[in-house]
Amino acid sequence: MADKQISLKINGSGHSVLVRPGLTLMKFLREDLDLTGTKCGCGAGDCGACKVLVNGQAVTTCNLPLSRLDGADIVTVEGLAESALDGGALHPVQQAFIDAGAVQCGFCTPGMVITTVDLLSRHSRPSVWEIRKAFENNLCRCTGYAKIIDAVKIASGQMTPPEKSDGVGGFSPVTRVSSKVTGRLKYTADMKFSGALKGKILYAPAPHGIVTKIDTEKARALPGVVDVVTFEDIPDRTFNSHITVPYQDVRKNDRIFNSHFRYRGDRIAAVAAVDEATARKALKLIDVEYEALPFLRTPEESLQEGAPPIHEEGNAPAEISDSSGTLPDSREDWFVYEDTFRTGRVTHAAMEPHAVTALYEEEVLTVYSSCQNVFCYQAMLAELFELPFNRVRVIKPPVGGAFGGKSEMVLEPVAALLALRTGRPVAMEMTRKEVFSSTRTRTPVKIEHRICVGADGLFREHDYQAVMDRGAYFGSGFDLGYAFMDKAYRLYRVPRIATEVKLAYTNNQPPGAMRGYGNPQLSFAREVLIDRICRDRGWDPVEFRLANLIQPGDKNPSTGDDLGAAHPAECLKAGAEKFRWDERKRLCHEHNSIPGQTLLRGIGAVSGVHGAGIYPGCVDYSTASVKLFPDGSAVLTISAHENGQGSSILMKKILSSCLDIPEDKISLAETDTLMTFYDNGSYASRETWVCGQAVLKAGETMKRLLLEEGARMFGCAAADVEFCDGSVRFKYAEGKSASLTELVRHAQTSYPFRDMAVIESVPCPFDPGAYFSNFAEVEVNRETGEVRVLDFLAVHNSGTPINPVMLEGQVEGGLHMGLGFALSEELDVDPETGDVKNGNFRKYGFFRASEMPETDVLFLDNPEEPGPYGAKSIGEATTGGVAPAVINAISHATGVDFSTLPVRAEDVLAGLSASNNK
Ligand code: FES
Ligand code: FES
């Protein structure tokens, strides 16, 4: 096909373009015009992140040939706002997204904004249903769509935005929000480096085997190819893609490239070329011969006697256990309930695919990585390439969602290797298919769970025997196992609890951290079994839980540790009241009793708990510094990893409250191993609890410094001055005070001169529980098996809500992930080839806006000391209870028990038919 000349208008400017064959509008915008607000979330027309207006209509651009657009008038998200020179006014829809708190990571936002502009051009006041339908092809993993729908209502004059205010307790949108809604923010794949090469990876040809011959000659000969590297070219050094602290003693059995490949997404070789098309072509020219080994698909297969070992150590790398209490001698009036529960392999599906750029300049390896823990990546890369830490710099640019999926190195070692070998910047970005098949997943678990209760309605024993599919490499196996077991000891008063976890290697993707980290699996087994007990014994599930939940002051029976301000009973009571539990129960019963009823109704409730940090499992601390400028503004240096969850604005709010500085006068220096201080990273729901404490401590220390300076200014003792309304005043004389500006200027100009700057580290003293209850109402079509979640209530005891609107956004996003885990999401792996068959957003059961239920969120304001202003954690607690609440509601509606997730329509039908045949 020949090049074609076309003319078109983009954001008001005319362009005449000679279109090369195969060029899409997305590529043209992003690569030729640097209009990177048009995002690539899938490259297949499935996610909507790449939408622009073509002749006023929102269309996806990743699958739209540019050659078709002769004469078109195109507006991208950048074209909606005025340029800074013209005043920079935002489009009303962009402003509404900010005002609603509809922006978290912001990666989906350009596409959402474009769709909204299109919708409102056709319907000035769309109904909620019309809004949901308009977003049918726009996916968001962060928000659960709730605040996005609010944004459309605000933009169409149907809703008043929540009020914004600085400091603790007020609403502030995420940092860099204007750049997110205008598409001007540069994520890793949007950054351009002069002379950069594109790197691509050759993945394993089969799920399990050994490469017997690899020939790269033809690939190397291809014009434009700069380097080809395989397992033959690297030192025989192993690593573990996950550590929680530098120098952690972990089992290392992964390599940058593996000649003995152990899953379909394993790395065999890589290419660096002048562009992506050339790199892809070169991959196809690498000849690989291999000897196939048996594909061990499940722990059952790999743990079988005689199964070939996936690693030298065998297929059962570890077994861990814990217990508390003893079984009473008398077992009269005991009832034993048990079952085997299974959870599926699901993926994080952050809208931004994994991306990295590495460069080696002036003897420093610099890695820009869309990741969750720069200091651990620095330590792993330093060890892998035998470089001192000061010559490895890891920087986290804005991240388009992570949810645990970006806490393990997958691309970074390859990009770093290619950069070190070529001396040129190497940029790598995964396709969506690669993300689905070669990054981490949630851990599939089989749990044999037994609960014993007495006739008095109190627990006697909980026993969990779990087998975790560890996939191909050890990775975070221990952490996951311990995190899973930990949640068994934190919620109910149980005389005897026993937990055991066996890890089993298989030829599957290695799982890793994912929002909830073991909790959704354990909660599913326990909370579903509890409801079965209640159905069987005729007990009310809320009353039964209330009788068994821990109370404030209780200790962890396994460790003896404090469980924190433990208010799970308060969560459940408040939830039952708000949800109108008793009334709905009666209404469901009446509804389902109507003869011939097709649409059955049911409700479910659960209790739950998550932690806040990784202490005492691992060292946990954070460091923050504050520096004041002579005009009274400040820079706060932190390593909290902002991935869209709002941790950066939260840190600003803490400092703003502490020092009475307006948030817009606080700048942030963030997450760069060279420039900022140590933090473990954003996982384990630790950012607010741990980093927040460091920020508050730095703020308090700065306050003391300001008091000292005030005393110096007034020539009095420090005890004679006080901090009030952002200034220091002499206690005993009216009107004698100094503003921050005056204090800083005084410090810098009065001998001995000094900067007003402090740095503080805070160790995490303990890991309190963040408690919650979840309530769901569902409608089940008994003829099709289809389940609709109608209504969902989440009640959280996360300490003081520092930024309530964004906190709600966390809950709504966690609900989205939990619903997928419960009802629709699971990687479908071909049993022969190991390919992920549904590795795209069309087939992977990602909840769309039209499928989300009405959602209500309630926060109990129980402060937790020493959290910053009493705040603790929220991110992961949002997902743990969703699946069991929904499954309990389905069982309530149908009377059918479910033990395997996800529960799809066909499972409901099969369950109904089995129960009818009983
Ligand atoms: Fe175009 Fe996903 S990138 S629809
Ligand atoms: Fe929608 Fe992150 S805000 S994907």
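Both backbone and side-chain heavy atoms feed into the values below; hydrogens, waters and symmetry mates do not. Whatever order the structure lists ligands and atoms in, that order sets their numbers, starting from 1. These figures come from a predicted structure and were not determined experimentally.
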May I have the angle between C50 SG and C62 SG with its vertex at atom 1 (Fe) of ligand 1, rounded to 10°?
110°
Report, as yes or no, whether the 6.0 Å neighbourhood of atom CD on E130 holds more than 12 heavy atoms from other residues, nucleotides or ligands.
yes
For K433, is the NZ atom crowded, meaning more than 12 foreign heavy atoms sit under 6.0 Å from it?
no
With a heavy-atom distance limit of 4.0 Å, tell me whether D46 approaches ligand 1 through its side chain, its backbone, both, or neither.
backbone
Considering the heavy atoms of [X], write down every atom of ligand 2 situated less than 4.0 Å from one of them.
X	value
C140	1 (Fe), 3 (S), 4 (S)
C108	1 (Fe), 3 (S), 4 (S)
M351	4 (S)
G106	2 (Fe), 3 (S)
C105	2 (Fe), 3 (S), 4 (S)

Check this for me, if you would: do [X] and [Y] make a salt bridge, where the nitrogen-to-carboxylate-oxygen distance has to be below 4.0 angstrom?
X	Y	answer
D32	R20	yes
E826	R345	no
D118	R122	yes
R442	E825	no

Pick from T109, L119, L80: which one makes a side chain to side chain contact (heavy atoms under 4.5 Å, CB included) with I114?
L80
Criterion side chain to side chain contact (heavy atoms under 4.5 Å, CB included) against L66, the qualifying member of L8, T24, T61:
L8
Show me which atoms of ligand 1 lie under 4.0 Å from any heavy atom of [X].
X	answer
C42	2 (Fe), 3 (S), 4 (S)
G41	3 (S)
C47	2 (Fe), 3 (S), 4 (S)

Check against side chain to side chain donor-acceptor pair (under 3.5 Å), T76 and N11:
CA-CA 7 Å; T76 71; N11 296 335; 2.9 Å; yes
When you measure from atom 2 (Fe) of ligand 2 to the N, O or S atoms of C142, does any of those distances fall below 2.8 Å?
yes
Proximity to ligand 2 by part of R141, non-hydrogen separation under 4.0 Å:
backbone
Contact check, G644 vs ligand 2, heavy-atom distance below 4.0 Å:
no
